[in-house]
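Below, read A as the first sequence line, B as the second, and so on, with proteins coming before strands; counting in each chain starts at 1.
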Amino acid sequence: MTSNFISCIIVNEIRREAKITKIYVITGHGGVGKTNFSINLALRLRNEKSERKITVCDLDTVNPYFRMADFMQLCNANRIKLLAPRFANTNLDIPAIDFDMTAEILSSDVFIVDAGGDDAGAAVLRTYHEPLTDKDTEILYLVNFCCRLTSDANSALEIMREIEASSGLRHTAYVNNTNMGTATTVKTILDGLKTSEEFAKVSELPLFANTFDDKINADIPDKFPCKIFVGPVWNK
Amino acid sequence: MESYLMKGNEALGESAIRAGCKCFFGYPITPQTELSAYMAKQMPKRGGVFLQAESELAAANMLLGAAASGVRAMTSSSSPGISLKTEAISYMAGCDLPAVIVNVQRGGPGLGSIQPSQSDYFQATKATGHGDFHIMVYAPDSVQEMADHIATAFDKADEYRIPVMLLADGLLGQMMEPVSFRDTATEMPDKFSWAATGHKNKRFHNIVNSLCLDAPSLERMVRKRFEKYAVIEKNEQQSESYLCDDADIVVTAYGASARIAKSAVNKARERGIKAGLFRPITLYPFPSDALTEAVKNAKVILDAELSMGQMIYDVRLATQCRSPVEFYGRTGGVVFTPDEIFEKLSDISEKYL
């Protein structure tokens, strides 16, 4: 334990000095689109700069469905390193993580953590508080104001506080991913912007981006159109 | 009506609460855990009770107790957990108790896998425990139907005093889709005449029990229950027929399989193959009448299931083997794609048409 703790401190010191890793941690209510956003973020960062080492980390230890580990081929094709619990998508899907998070962070230029849903899914983040936090780390709360439990600013804030209490992390910004799945219209997105403004007030957090299906043509500020990768087989 | 984007498991929980479910007895198992988690957070805020039991056996027997005391109650699990609950389900059937059981199926047998499956069809429709009895079984194919049918399940359970199962699968439980909830509150039936609610000196005390020591009177009770089943079989069949009228090939599929099959049917139509889809919504009672109608012009039926073939026996029985019934299935948690079904439709088209 002690040596691990010391190595964490050393690594953080090295990284702080050299500013070598940009970390993004993506949290949110279950089913809000964390995995889809994480892939899109990784792809965008890949397109910006082709030589950087990008790692996405599937840290979902609570739900075996619709997870980052499903996208191994896509990640390989884009030279994105995918880290996932060893038994992800097997019948032994147990909450065991067998990689050295600190070393993996240190060897990446960009490190994206796709956390599990809600407070239960975010609990594991607490274990990695030391290597994950840094003054440059973006802890992003992804929110869809069409979800029943996050349908208004205050309930979205409540879920966010539960995640913070369980993970020990404080969010640095939020991502507005308001959508109705395949039934999303421009109106859905525009209605989401209104709730998003209220959320910015009550949470006192800056907006990181407004994300939506790139097949929809919405002309809004801070937009980050995303390709939809995650969904059932009949949508593909 | 407001709509939300929700996970199937969450929609089940929300709709159950709106339908007047006052007690939920859970025990965690993938892939239905979000339902328990939702109830754990919501029930105390909304005048209900959430209880995580020490086992599935306990949860199912708590359901029996709550139902016997006249409240709307529910339990949920996934395949291996349902096996543990079947003893209590048989007792509830023997007590004529209205109760709702959710099965979000995963691969089996045994501990099996945690991926979606439909291999509990036999268990749900033929033998959810020992004895001469049936339970009603609803098979939703979308998050919206998860919400709609759980509300219907509570109504039908009360109407017929029968355990009702909602048979979903991991895919339906985990996926996100828009859903709206019916806003009309259900009128709760008066259960004073039979439930153990306290007699208030207005009647003899009620006994809710499935034990009957005298064989002829047990036979009478079972026969009476089967009169009820006859009414259910006549009145409660539900199904969806999609492009069946002129179809040469009718695909029979339920739940998530039906969603996949529908994509395949659409693709087949684009390629000039006259395919249709028949989707049972109630598995018991099996919608034999509508199936007979849907396949009247079909030259062949393709039964598609995420199992080695279980509903296929009901399809053959209902159609009395008038046309050949082909089968395509994946099992163990493997989910077929629309293209796999389309390939099978192409092969069948060449073979029969």
Presence of salt bridge, A:Arg148 and B:Glu14, under 4.0 angstrom: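 Yes.
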Exercise: identify the closest heavy-atom pair between B:Leu171 and A:Tyr65: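 Nearest heavy atoms, B:Leu171 then A:Tyr65: N-CE2, 4.2 Å.
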Which is it for B:Lys41 and A:Glu158 under the salt bridge (charged side-chain N to carboxylate O under 4.0 Å, His left out) test, yes or no, and what are the steps along the way? CA-CA 12 Å; B:Lys41 283 192 173 168; A:Glu158 191 182 322; over 6 Å; no
Rounded at 0.5 Å granularity, tell me how far [atom1] in [X] sits from [atom2] in [Y].
X: A:Arg67; Y: B:Gln174; atom1: CZ; atom2: CD; answer: 11.0 Å
X: B:Leu5; Y: A:Thr184; atom1: CG; atom2: OG1; answer: 7.5 Å
X: A:Leu149; Y: B:Tyr4; atom1: CG; atom2: OH; answer: 9.5 Å
X: B:Glu177; Y: A:Thr182; atom1: CD; atom2: OG1; answer: 6.5 Å

Only pairs of heavy atoms separated by less than 4.5 Å count here; which of [options] has the most with chain B?
options: A:Gly31, A:Gly181, A:Ser151; result: A:Gly31
options: A:Gly33, A:Ala183, A:Gly30, A:Pro232; result: A:Gly30
options: A:Gly117, A:Cys147, A:Gly231; result: A:Cys147

Do A:Trp234 and B:Lys262 have side chains that approach each other closer than 4.5 Å (heavy atoms only, starting at C-beta)? no
Considering only heavy atoms, which portion of B:Tyr38 lies under 4.5 Å from any heavy atom of chain A: side chain, backbone, both, or neither?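 Answer is side chain: those atoms of B:Tyr38 sit under 4.5 Å from chain A.
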Can you say whether B:Thr30 sits under 4.5 Å from chain A via the side chain, the backbone, both, or neither, judging by heavy atoms?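 Just its side chain gets close to chain A.
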Leading residue by heavy atom contact count with chain A [cutoff under 4.5 Å; candidates B:Ala37, B:Ser263, B:Pro116, B:Ala256]: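 Among B:Ala37, B:Ser263, B:Pro116, B:Ala256, the one with the most close pairs to chain A is B:Pro116.
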